[in-house]
Engineer: 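There's a structure below that I have some questions on.
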Amino acid sequence: LKSPEDYGLRGRAKSALEGEKGRTYYLIAETLLRADRTDLAADAVERAFKISADDALNAFYEARLAEKRGEAKVALE
């Protein structure tokens with residue numbers, strides 16, 4: 001959904017795909033993390049945070065990303 005307009009997605013259709021407060025992006029990020037696609041997961045987390053502004057959930061996923069990247073100290077912060 002980087003360019004929803006290219007696919008005719010606007011308004012309600014776009015909102016429906018994004019889910020409540022960008023939850024769909026967090027679900028996509030979770031799936032990508034499990035598939036070891038860390039870079040794509042990071043993109044999904046960034047997009048989710050732009051929509052949700054949920055600091056706690058974003059911090060959780062940033063820690064998960066750091067852990068997957070082998071940055072244990074960062075993940076613990």
Side-chain angles (χ1 to χ4, degrees):
L1 292 176
K2 285 187 177 184
S3 305
E5 302 80 28
D6 293 348
Y7 301 96
L9 297 174
R10 293 179 183 80
R12 288 185 192 184
K14 182 180 173 215
S15 295
L17 283 174
E18 290 174 344
E20 184 181 335
K21 295 186 178 181
R23 297 290 188 224
T24 300
Y25 285 111
Y26 284 120
L27 291 172
I28 291 168
E30 182 65 35
T31 302
L32 291 167
L33 279 169
R34 291 179 183 204
D36 293 323
R37 304 291 305 267
T38 310
D39 292 340
L40 291 173
D43 290 343
V45 169
E46 182 180 327
R47 287 184 148 294
F49 185 65
K50 284 181 182 176
I51 297 167
S52 73
D54 185 331
D55 290 327
L57 192 55
N58 190 61
F60 171 76
Y61 276 100
E62 289 296 332
R64 300 261 337 266
L65 288 165
E67 185 270 330
K68 281 286 191 181
R69 291 179 179 136
E71 302 168 350
K73 286 186 180 184
V74 174
L76 291 172
E77 294 174 358

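Quick caveat, the model's predicted, so the values are computed rather than measured.
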Engineer: Would you say Y61 and E30 are linked by a side-chain donor-acceptor pair, where the criterion is simply a distance under 3.5 Å?
Structural biologist: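 There is such a pair (donor and acceptor under 3.5 Å, judged by atom type) between the side chains of E30 and Y61.
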Engineer: Report yes or no: do F49 and L57 belong to one cluster of Ile/Leu/Val/Met/Phe/Trp/Tyr joined by side chain heavy-atom distances under 4.5 Å?
Structural biologist: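 Yes; L57 is reachable from F49 via cluster members.
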Engineer: Does the distance from a Lys or Arg side-chain N to an Asp or Glu carboxylate O, for R23 and D54, drop under 4.0 Å?
Structural biologist: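 The answer is yes: the pair qualifies as a salt bridge.
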Engineer: Any side-chain heavy-atom pair from R47 and D43 closer than 4.5 angstrom?
Structural biologist: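 No, side chains not in contact.
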Engineer: Can you name the residues that form a side chain to side chain contact (heavy atoms under 4.5 Å, CB included) with L32, not counting sequence neighbours?
Structural biologist: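 For L32, the residues satisfying side chain to side chain contact (heavy atoms under 4.5 Å, CB included) (neighbours in sequence not counted) are I28, R37, L40, A41.
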Engineer: Please name the pair of heavy atoms, one in V45 and one in A29, separated by the smallest distance, quoted to 0.1 Å.
Structural biologist: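 Heavy atoms of V45 and A29 come nearest at CG2-CB, 3.6 Å.
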Engineer: Evaluate side-chain contact (heavy atoms from CB on, under 4.5 Å) for F60 paired with D55, printing each intermediate quantity in order.
Structural biologist: CA-CA 9 Å; F60 171 76; D55 290 327; over 6 Å; no
Engineer: Give a yes or no on whether the backbone of D36 and the side-chain of K68 come within a donor-acceptor separation of less than 3.5 Å.
Structural biologist: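 A pair under 3.5 Å: no.
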Engineer: Pair S52, Y26 - check side-chain contact (heavy atoms from CB on, under 4.5 Å), show working.
Structural biologist: CA-CA 10 Å; S52 73; Y26 284 120; 3.4 Å; yes
Engineer: Nearest 0.5 Å please: distance from the OG1 atom of T38 over to the CZ atom of R64.
Structural biologist: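 Reported value, rounded in 0.5 Å steps: 10.0 Å.
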